[in-house]
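One structure is given below, encoded as structure tokens.
As a basis for the values below, the full set of heavy atoms in this structure was taken, side chains included, without hydrogen atoms, waters or symmetry mates. Proteins get letters first, then strands, A, B, ... in listed order; numbering begins at 1 in each.
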Amino acid sequence: MITREPQIFDEPTNVFQTAGRRLILACQGTGRALMMLLGAAVQTPFMFSRKNRQDVSQQLYQVGIKSLGVVSVVALFTGMILALQVGLELRRYGQETNIGMLVCISMLREMGPFMTGLVIAASVGSAIAAQMGTMTVGEEIAALDVMSINPLRYLMMPRLVALAIMMPLLTVYTNLLGILGGAMVGASQLGISWEAYFDNAFRYAENKDLYVGLFKAFLFGLIIVTVACYQGFTASEGAVGVGRATRRTVIVSFLLILIVGYFVTRLFYQ
Amino acid sequence: MKFRKQLFIETAVGLFSFAVIAALVMLTVVLSQETLFRKERPVEIVFEDAMGLRVGDAVNVRGVNIGKVKDIVLKRDGVHVMALLNNPLFLRDDYRIEVLSTSVLGGRYLSIHEGTPGKRPMRPQPPILQGHAAPDLMDTATRTIEDIRLALNDGILEDLKVTMAQVRKIATNVGEGVGTLGKLITDEAVYDDVQEITANLRGISEKLGRGEGTLGQLLMGDDQAFQDLAATLSAFREVSETIARGEGTLGKLITDEDVYDELQGLLQEGRAALDDIRENSPILTFTSVFFGVF
Amino acid sequence: MIRFEQVSKRFGAKVVLREIDYEIHRGETFVIVGTSGVGKSVSLRHMIRLLTPDSGRVWVGDDCVSEASGKQLERILGRFGVLFQGAALLQWLNVEDNVCLPLRQTMNLPDEEVRARATEKLALVGLEGVGDKMPADISGGMRKRVGLARAIVTQPEIILYDEPTSGLDPVISRQIDLLIDSLRKQLQVTSVVVTHDLYSALSIGTRVAMLHDGQFAVCASPEEFVASEHPVVRDFLQAQGIAHLDDVRKAFGK
């Protein structure tokens with residue numbers, strides 16, 4: 001059962017007690033969130049079952065197609081900003097022809113998955129947290145539990161599948177649009193022809209850059225869905241609690257995306 | 001109604017996924033530098049030192065890009081560079097393959113010089129080509145500067161030093177009112193000489209001023225010489241300007257015959273020294289520009 | 001059928017249940033009344049494991065629900081149908097799909113049968129032809145009835161009602177009460193109702209229990225309950241203007 005009874009503690013008497021309790025609760029929360037992820041992950045074989053496939057496709061649509069607009073804008077402008085900033089600086093050394101390489105590599109390795117992660121965390125993650133939070137507060141999760149409908153399977157698994165699949169796909173899309181944005185700036189502002197830009201862009205980038213980036217995006221997807229569902233399922237105290245869950249989801253996902261992004265980079269690019 | 005909506009959702013998701021996966025496949029192909037529809041010719045070149053060549057760097061033949069570096073492997077007999085070329089190579093016996101810098105700031109490319117057009121083409125082409133170490137730009141520059149410094153220390157600096165000491169002596173004499181400067185004014189040739197030397201010296205001194213101690217750094221080895229030069233220049237300018245204006249009590253100076261002779265001789269010597277410096281001025285200019293960077 | 005054995009529960013410093021002991025028999029309608037925040041819903045939630053006791057046990061039939069887990073817990077919960085306070089309908093499913101939800105998700109029945117059952121239960125709670133409506137588009141009373149239809153669609157032995165009439169106007173409240181009563185008669189189920197509305201408690205209950213200070217102040221038939229001399233019960237009855245059981249019956253038009 002996902003529904004838990006509220007934990008009520010005595011007022012802490014000193015700083016150490018407060019700190020200790022915070023630490024224990026943080027460990028508890030992390031553990032529970034990971035157990036939820038695991039619980040939803042073992043349900044993924046049911047994604048094509050009659051009971052779940054409709055929800056899965058619904059979530060794929062919500063995450064993938066409905067986010068395309070904002071992702072497009074973010075991706076295009078990320079590429080354009082990268083190209084402009086780096087291009088203007090490189091021009092001082094007469095090296096502006098290399099923006100293709102710089103935009104391409106930074107999009108593939110870092111900016112693509114990172115920007116997609118942030119956009120999806122802010123839009124889809126917060127929406128999941130708000131929805132799950134409202135359901136928790138409105139006893140709908142409890143109702144599912146009592147009806148022996150596992151919320152991890154019925155609610156979390158479709159979202160997990162959707163984010164795990166759509167994050168890498170959206171990242172590919174972001175990468176392409178970002179590189180395109182860089183080319184637009186290159187052609188219009190820095191006087192670099194499209195051919196020269198793309199030749200330079202794809203000359204130094206490797207498949208490793210692309211796929212490590214997509215792996216990152218996949219991890220970011222797991223992070224977002226886990227944080228959002230955890231925050232949603234543990235929301236309490238009505239509307240205020242839902243707001244808190246939403247805010248925490250965005251903050252915690254952002255932080256985890258940054259931190260995990262750094263360590264994945266370290267792992268693959270020593 | 002509901003069924004149709006579900007159908008639309010599934011179609012949209014499927015379409016997007018297919019489009020992106022297709023893009024992913026294309027991107028993968030592009031990034032693996034595979035050219036599906038073009039024949040590529042692999043070439044292996046062994047270098048003693050790859051000099052920072054990277055996978056993906058361009059391969060140029062006479063300045064035209066014809067391919068990319070595919071792989072670089074360090075082996076016992078050197079660095080083996082595998083390159084993929086779009087065009088066939090027609091190498092001759094005296095072909096030369098080098099790693100060159102694209103700019104002072106970095107970046108390398110593989111330069112293939114196929115050989116002198118008149119020579120006999122190599123046939124069959126050897127399986128592994130020999131690459132040559134190209135002179136590094138920074139190394140060359142450093143060596144050039146070292147040469148300049150040695151040259152200055154050897155002869156020119158010494159010449160300059162001696163000349164300047166003598167010129168100063170005369171100038172001081174003239175300034176103090178000793179000697180027969182009156183003759184200088186009557187003698188057109190000597191007057192012109194003085195003018196010319198003055199102009200030359202002024203030019204050099206101005207260059208020195210602009211170069212912000214550049215030549216000074218080169219002359220650091222001999223502080224005295226530099227100070228001599230500076231002092232002489234100011235004294236000389238003063239006198240020459242006075243002469244040019246045609247004023248002052250120069251009559252006083254027209255007494256000593258010896259001074260006149262000495263001065264004339266020394267002026268010639270001074271001119272020779274200045275000519276020496278002028279000959280070397282391209283080097284000096286280069287040096288000052290070079291050090292100006294730092 | 002359901003037995004509380006020395007059950008204690010406290011939230012922080014607040015003691016909600018104090019070594020409570022009672023049994024609900026098969027086929028009866030057991031009503032728990034009390035003022036707000038006294039722990040009525042807490043005792044209800046112990047029966048379906050949304051809460052576990054600090055000490056003591058809760059039995060459902062021969063199973064200890066407070067210690068069950070996994071399949072056993074699932075089996076126990078399968079005997080219950082629960083109407084939550086806010087009906088707890090899923091907002092993105094229409095009325096029919098909400099009612100079908102437990103059948104679709106927990107049983108492998110053909111879709112026609114699922115729909116047939118849902119239509120049947122919706123008719124039972126007096127909601128025909130609203131299957132296509134979304135929960136947000138219907139009134140609170142209708143939502144409760146949809147929740148009830150969903151609770152009974154799995155044909156449970158025990159139905160729990162958490163404040164079934166709260167937030168509804170008196171007319172609709174009486175309709176819900178009549179519905180609960182008729183369901184008990186038609187489906188032969190055991191019902192547990194938590195309410196602070198004495199009118200509905202006394203009209204539908206076969207036994208009424210007054211929870212006060214973590215204990216049952218009174219636990220008796222409606223007649224005995226009204227006649228009780230316990231000061232808390234008297235205050236409660238007075239506050240709702242009930243002096244005699246006839247007042248309640250009059251209100252129901254019996």
Next on the checklist: Just so I know, are the side chains of B:Asp57 and A:Tyr204 near enough to count as touching, which here means a heavy-atom distance under 4.5 Å?
Outcome noted: yes
Item to check | Pick from A:Leu169, A:Val172, A:Asn207, A:Asp209 with the largest number of heavy-atom pairs that fall under 4.5 Å of chain B | outcome: A:Asn207
Next on the checklist: So, applying side chain to side chain contact (heavy atoms under 4.5 Å, CB included) with B:Val13, which one of A:Ile65, A:Val63, A:Ile165 is it?
Outcome noted: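 Single side chain to side chain contact (heavy atoms under 4.5 Å, CB included) partner of B:Val13 among A:Ile65, A:Val63, A:Ile165: A:Ile65.
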Item to check | B:Ala19, part contacting chain A, at a heavy-atom distance under 4.5 Å | outcome: neither
Item to check | Which atoms of B:Asn65 approach chain A - backbone, side chain, both or neither, heavy atom under 4.5 Å | outcome: side chain
What do you reckon, is [atom1] of [X] surrounded by more than 12 foreign heavy atoms closer than 6.0 Å?
X        : atom1 : value
B:Met82  : CE    : yes
B:Gln130 : CD    : yes
A:Phe263 : CZ    : no

Distance-only donor-acceptor hits, side chain of residues 212-225 of chain A, under 3.5 Å, sequence neighbours excluded:
unit_1	atom_1	unit_2	atom_2	d
A:Lys216	NZ	A:Arg109	O	3.1
A:Lys216	NZ	A:Glu110	OE1	2.9
A:Lys216	NZ	A:Glu110	OE2	3.1
A:Lys216	NZ	A:Thr265	OG1	2.8

Checklist entry - Side chain, backbone, both or neither: which part of A:Gln62 has an atom under 4.5 Å from a heavy atom of chain B? => result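 When you check distances to chain B, no heavy atom of A:Gln62 falls under 4.5 Å.
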From [X] [atom1] over to [Y] [atom2], what is the distance, rounded to the nearest 0.5 angstrom?
X        : Y       : atom1 : atom2 : value
A:Tyr211 : B:Leu24 : OH    : CG    : 4.0 Å
B:Ile9   : A:Gln54 : CD1   : CD    : 8.0 Å
B:Glu10  : A:Arg53 : CD    : CZ    : 8.0 Å
A:Tyr61  : B:Lys5  : OH    : NZ    : 7.5 Å

Item to check | Contact list for residues 171-186 of chain A, test side chain to side chain donor-acceptor pair (under 3.5 Å), sequence neighbours left out | outcome: A:Ser72-A:Tyr173, A:Thr116-A:Thr174
